[in-house]
Trainee: 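The structure that follows is given in the form of structure tokens.
Values below: all heavy atoms of this structure, side chains included; hydrogens, waters and symmetry mates excluded.
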Amino acid sequence: ARSYVSKHMNNKKDYDVVDTINDQVYLDENSLKNKWGKDYTQNINKIKFIFATPNKSNLQDKLKELKTLFKEDKIIKWFSQYFVRYLITTENIPNFQKYYEIFDQLKNKELHKEIIKGTIMSVKKNVRNNIDTISSENKSKEALKNLGKWLGEYKISKERPILAKDLDFKTLIINACENGNLNLVIPFICCVFGYAKNSKVFKVTNPWINSILNLLAELNGNENVEQNIKAEIKNLFDTLKADINSWPKTKELEKCQIK
């Protein structure tokens with residue numbers, strides 16, 4: 001099969017190598033050098049180094065450098081994919097707070113948009129993964145947990161909603177019931193909304209949060225749902241100081257065939 005780069009060499013866009021998160025070739029240094037040239041590769045290496053060694057003592061100098069580097073659309077698009085793939089989903093202990101501080105001070109709306117876009121694309125990819133081994137299932141589960149923590153840190157804890165047009169959590173739960181991947185989706189969702197514990201906006205009475213908790217409480221009461229999934233749900237309710245035992249019972253999932 002031809003590589004992603006070779007398939008798209010005639011495309012007019014000059015940032016083809018970052019068009020999709022499903023292919024990793026755009027992150028390969030040689031491919032980037034061949035596509036963009038040596039100067040861009042040097043800039044990319046500068047960005048990698050800054051994010052690999054975030055340090056408060058020289059942060060302001062690094063921010064000035066990043067503001068210059070992030071002026072180009074294709075660099076932003078490349079970085080959003082690199083960031084999600086290598087600094088969020090595969091790190092054992094991602095430095096979420098430090099990353100947030102950098103993005104917050106950069107105040108780059110296009111970068112923010114692409115980071116969220118890349119994060120949500122990765123969520124959907126991992127949810128759709130064809131899991132054929134325990135190892136691949138665990139890999140997707142850990143990736144989704146990291147993605148959930150990042151979304152929670154970057155959006156929920158900063159009082160920013162995640163729009164349904166980008167990621168519809170209720171649909172995610174319903175589809176997970178029918179597709180048999182609750183074990184991937186529920187831990188992810190619990191990671192996201194665990195960050196609402198200190199929120200002034202996203203309290204359990206918030207209609208959006210409430211509607212998601214309703215579905216989770218209904219799952220908790222379903223005898224076909226595995227105990228480890230129920231434990232994730234209960235832990236979220238405990239985190240949000242909500243009593244799952246007295247939570248109103250809904251029947252929104254009544255017609256779902258839980259696998």
Trainee: Would you call Leu167 and Leu151 a side-chain contact if the rule is heavy atoms closer than 4.5 Å?
Mentor: yes

Trainee: What is the minimum heavy-atom distance between Ser122 and Thr89, and which atoms define it?
Mentor: OG-CG2, 3.8 Å

Trainee: With a 4.5 Å heavy-atom cut-off, do Leu59 and Gln105 have their side chains touching?
Mentor: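 Yes - at least one pair of side-chain heavy atoms lies under 4.5 Å apart.
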
Trainee: Any side-chain heavy atom of Lys107 within less than 4.5 Å of one from His112?
Mentor: no

Trainee: Are Ile258 and Leu219 side-chain neighbours, meaning at least one heavy-atom pair lies under 4.5 Å?
Mentor: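 Counting from C-beta outward, Ile258 and Leu219 do come under 4.5 Å.
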
Trainee: Within the 4.5 Å heavy-atom criterion, are Lys155 and Ile116 side-chain neighbours or not?
Mentor: yes

Trainee: So do Pro161 and Phe202 actually touch side chain to side chain, heavy atoms under 4.5 Å?
Mentor: yes

Trainee: How long is the span from the CD atom in Gln97 to the CD1 atom in Ile102, to the nearest 0.5 Å?
Mentor: 11.0 Å

Trainee: Which atom names give the shortest non-hydrogen contact between Trp247 and Ala217, and what distance separates them?
Mentor: CD1-CB, 3.5 Å

Trainee: Which residue, Ile229, Ile244, Ile233, forms the side chain to side chain contact (heavy atoms under 4.5 Å, CB included) with Leu216?
Mentor: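 It is Ile233, the one option of Ile229, Ile244, Ile233 that forms the side chain to side chain contact (heavy atoms under 4.5 Å, CB included) with Leu216.
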
Trainee: Can you tell if the side chain of Asn175 reaches within under 4.5 Å of the side chain of Val127, non-hydrogen atoms only?
Mentor: no

Trainee: Less than 6.0 angstrom separating the ring centers of Phe51 and Tyr86, yes or no?
Mentor: no

Trainee: Are side-chain heavy atoms of Asn108 and Ile76 found at a separation under 4.5 Å?
Mentor: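 Counting from C-beta outward, Asn108 and Ile76 do come under 4.5 Å.
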
Trainee: Check step by step if side chain to side chain contact (heavy atoms under 4.5 Å, CB included) holds for Leu213 and Phe193.
Mentor: CA-CA 10 Å; Leu213 292 179; Phe193 292 103; over 6 Å; no

Trainee: Heavy atoms only: give me the nearest Pro187-Lys145 pair and the separation to one decimal.
Mentor: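 Reported closest heavy-atom pair: CB-CE, 3.8 Å.
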
Trainee: What heavy-atom pair brings Glu159 and Ser199 nearest, and what distance separates the two atoms?
Mentor: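 Minimum heavy-atom separation between Glu159 and Ser199: OE1-OG, 2.5 Å.
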
Trainee: From the options Tyr154, Phe103, Trp78, Tyr100, select the one residue that forms a ring-ring contact (aromatic ring centres under 6.0 Å, His included) with Phe83.
Mentor: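 The residue from Tyr154, Phe103, Trp78, Tyr100 that satisfies ring-ring contact (aromatic ring centres under 6.0 Å, His included) with Phe83 turns out to be Phe103.
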
Trainee: Could you pull out the closest heavy-atom pair between Lys170 and Ser211, with the gap in Å?
Mentor: CD-OG, 3.8 Å

Trainee: Determine yes or no for a side-chain-to-main-chain donor-acceptor pair under 3.5 angstrom, with Glu218 supplying the side chain and Glu252 the backbone.
Mentor: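 Present.
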
Trainee: Could you tell me which non-hydrogen atom of Cys256 sits nearest to which non-hydrogen atom of Ile174, and how far apart they are?
Mentor: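 Smallest interatomic distance, heavy atoms only, reads SG-CG2, 3.9 Å.
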
Trainee: Give a yes or no on whether the backbone of Trp208 and the side-chain of Asn206 come within a donor-acceptor separation of less than 3.5 Å.
Mentor: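 Present.
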
